[in-house]
Amino acid sequence: MAETSDIYEKVMDVARRRGFVWPSSEIYGSVAGFIDYGPLGAMLKRNIENLWRSFYVFQEGYYEIECPTIGTEAIFVASGHVKEFADKMVQCPHCGEYLRADHIAQEHGIENAGTLSSEALRATLRDLPCPSCNEPLGEADVFAFNLMFQTTIGPGSQRKGYLRPETAQGIFTDFPRLLRFYRDKLPFGAVQIGKSYRNEISPRQGMIRLREFSQAEAEIFVHPEEKNHPSFHRYADYTVPLLTMERQAENVEPVTMTMRAAVDMGLIANEYVAYYIALTHEILTYIGVDPAKLRFRQHLTEERAHYAADCWDAEVYSERFGWVEIVGIADRTDYDLRSHAEHSGTSMTIFIPYGEPRVVKKRRIVPDMGVIGPRFRDKAKAIVEALAVSEPGEDGVRITIDGEEIFISADLYQVREEEVEIRGEEVMPHVIEPSYGIDRMLYVALEHSYAEDEVDGETRRLLRLPPAVAPIQVAVFPLMNRDGLDTIARKITDTLLQHRILAQYDDSGAIGRRYRRQDEIGTPFAVTVDHDTLENNTVTIRDRDSMEQVRVPIERLPGTLSALIAGNVTFHELSKV
RNA sequence: GCAUCGAUGGUCUAGUGGUAUGACUUUGGCCUUCCAAGCCAACAGCCCGGGUUCAAUUCCCGGUCGAUGCACCA
């Protein structure tokens, strides 16, 4: 443990010292669960988010929306967060333990303890012993603890609001608008990157459990009976380590297989879920997660939300925290849309036309209102409704209205056989939801890219961040601060910046020290101007990981570096030319 | 939240009832023809609040943050 926690200490030490992650509002005393991203951390985070966008927005074509972080109570009543996110708790006056009030009552044989009010629970608990210290709970107060931050909207505390505990609800509440935007066709998706808030009781795992955190969520709306992804071929042969329910029960290692096989064998519920498992694997390895420390774990039936058809977590192994959930990929069925439709009264369905209109034979019972109206007066309406669903006999039909049996003779209605053309049906889409914790992605990228080398008997600390996410992309050094080398190096820096390559000039101290500084913050490439530059206009590009150098003409720097950063060419390939 | 332990420049640390040691880093200069070299100089610190005391970074109480265990983690 001492050795494993070391890595966390070392990573966080670099993160603090070099401006990746700082305790928030440190000068007034920082608060657990809140962090600041310093200049390099903010840059790294933005790069990770943009990489995520390149997959979900550019590759998948799911456009990004942005909703408020504060929502009215109604939204979270419908989403279930007001009810499900709040626990009735009690603090034992003797030992100070926080306990679930309803759980204690339930254990002592109280039926439906979960539905009792706080007052009723308090009365019930008075004579019950604390499960922790066995002293009676007495007059201990029962209070609801909801993990959502509450606020009020406008003056006078009139309207209750909550800080969103996930970004997803904004996409659900915009569903009717999104449906029009995507011109009434399934499947379509929308994504959102933003802050979410959960008032964690005890956030004690550094960047892993924050009270304010960033999520990147995609909500993909699909036809309930068509869960084959149109581009499934992209990942059909992609292999991913899967820790299925069965393998968890048998306590065996994950099995690595193709997505095609996993779907065919029924291990993954459908192509959509499989597709995003593979895509997630690709994103995570892209940002620097070690594939050997990445697995996809299926939720067990009892931990899965009752409405979810299937749910997988991308878990990354951290030396410090063990297997950490980084991404959740769930088939949420139509739970969210159904709930918002019921609570808001707004239709959340899409009309799907059939290929061919279907002709259906229907029997319609048409009442003779001229007779039924005057004869039955105030019962007439109820009779007509009952008649419509009745099964008439030859001479009439018996129906029951308010317990009274009434015989309606056959001359009071006509039975017509009609052919009705049905052109399609209203369908409530199912939702596939990949949900990413950006802060956790950033942490594991740091932890997995942290490395220590031995160079000439000295330890070299470095972050092996992939060039695409590294906060600083290129460092530019004059070998020595004279003979005009510095002037050339500054000019190169400006040129690179103009090409949107984030370059940093440094002429302070010995060259070796400058390389080390950049190694520690993960800068993948360093350009050095030396005396040969004065002769032939070439400079060296030095590779962070191998510490090797190649010479290239100055005018080819922007193109070469861009290709290296984009991953179109590797340094190894470059050095062979 | 409870219990135990801890908190000294950016980092690691010495030490103390009378304002603090050293190293590394950083900054400026000298030197230096590619991986934390050397020399000179400079910047910078006792977590916050209250108490005891002539005097508190030091002792006491409370808080904050961190580590560990328990609880919590839709």
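Given the structure is predicted, the values throughout are model-derived calculations rather than measurements. Below, read A as the first sequence line, B as the second, and so on, with proteins coming before strands; counting in each chain starts at 1.
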D543(A) CG - rC35(B) C1' separation (whole Å): 13 Å
Looking at every strand, decide which applies to T540(A) at a 4.0 Å heavy-atom threshold: base, sugar-phosphate, or nothing. base
Could you measure the distance from the OG1 atom of T333(A) to the NE2 atom of H430(A)? Nearest 0.5 Å is fine. 5.0 Å
By the 4.0 Å heavy-atom rule, please label R17(A) as base, sugar-phosphate, or nothing. sugar-phosphate
Please name the nucleotide paired to rA67(B) by Watson-Crick or G-U wobble geometry with both distances under 3.5 Å, or report none. rU4(B)
Of the listed rU33(B), rG66(B), rC35(B), the closest approach to the A32(A) side chain comes from rG66(B)
Looking across every strand, which nucleic acid part, if any, lies under 4.0 Å from Q549(A) by heavy atom: base, sugar-phosphate, or nothing? base
Nearest heavy-atom approach of I541(A) to L561(A) is CD1-CD2, 4.1 Å
Whole Å only: how far is the CZ atom of R461(A) from the P atom of rC35(B)? 20 Å
By nearest-nucleotide position on RNA chain B, the 5'-leaning member of M480(A) and F213(A) is M480(A)
S508(A) side chain N/O closer than 4.0 Å to the phosphate oxygens (OP1, OP2) of rU27(B)? yes
rA14(B): pairing nucleotide in any strand, Watson-Crick or G-U under 3.5 angstrom: none
Identity of whatever pairs with rA37(B) - Watson-Crick or G-U, under 3.5 angstrom: none
Which sits closer to the 5' end of RNA chain B, V31(A) or R16(A), going by the nucleotide each is nearest to? R16(A)
Does S30(A) reach a base, just sugar-phosphate, or nothing at all? Heavy atoms under 4.0 Å. sugar-phosphate
Roughly how many Å apart are rU11(B) and rU26(B), using the P atom of each and rounding to a whole number? 15 Å
To the nearest 0.5 angstrom, please state how far the OG1 atom of T152(A) sits from the NZ atom of K160(A). 10.5 Å
Look at all strands and tell whether I511(A) reaches a base, only sugar-phosphate, or nothing, counting heavy atoms closer than 4.0 Å. sugar-phosphate
With a cut-off of less than 4.0 Å, is there a side-chain N or O of R209(A) near OP1 or OP2 of rC72(B)? no
If you check the R320(A) side chain, which of rU25(B), rU68(B), rC65(B) turns out closest? rU68(B)
Please report the distance, rounded to the nearest Å, between CZ in R517(A) and C1' in rG10(B). 14 Å
If you measure from CG on D336(A) to OG1 on T173(A), what distance do you get to the nearest 0.5 Å? 11.0 Å
Hey, does the side chain of R18(A) come within less than 4.0 Å of rU11(B)'s phosphate (OP1/OP2), counting only N and O? no
With a 3.5 angstrom cut-off on both distances, give the Watson-Crick or G-U wobble partner of rA55(B), or none if there isn't one. none
Please work out if R460(A) contacts a base, only the sugar-phosphate, or nothing of the nucleic acid, heavy-atom cut-off 4.0 Å. nothing
Below 30° counts as parallel, above 60° as perpendicular, anything between as tilted: where do the rings of Y317(A) and W323(A) land? perpendicular
Where the side chain of V455(A) is defined as all heavy atoms beyond and including C-beta, which of rU11(B), rC35(B), rU33(B) is the nearest nucleotide? rC35(B)
Using atom P in both nucleotides, what's the gap between rG38(B) and rA20(B) to the nearest angstrom? 29 Å
Glycosidic torsion of rU19(B) (syn if within 90° of 0, anti otherwise) classifies it as syn
Report the base-pairing partner of rG62(B) (Watson-Crick or G-U wobble, both distances below 3.5 angstrom), or none. rC48(B)
Apply side-chain hydrogen bond (donor to acceptor under 3.5 Å, both in side chains) to the pair R544(A) and Q518(A), showing each step before the final yes or no. CA-CA 8 Å; R544(A) 174 196 65 206; Q518(A) 297 294 338; over 6 Å; no
Does a side-chain N or O of R513(A) approach OP1 or OP2 of rA37(B) to a distance below 4.0 Å, or not? yes
Just to be sure I understand the geometry, which residues of residues 328-336 of chain A put a non-hydrogen atom under 4.0 Å away from RNA chain B? none
Please measure how far the P atom in rU64(B) lies from the corresponding atom in rC48(B), and state the result in whole Å. 15 Å
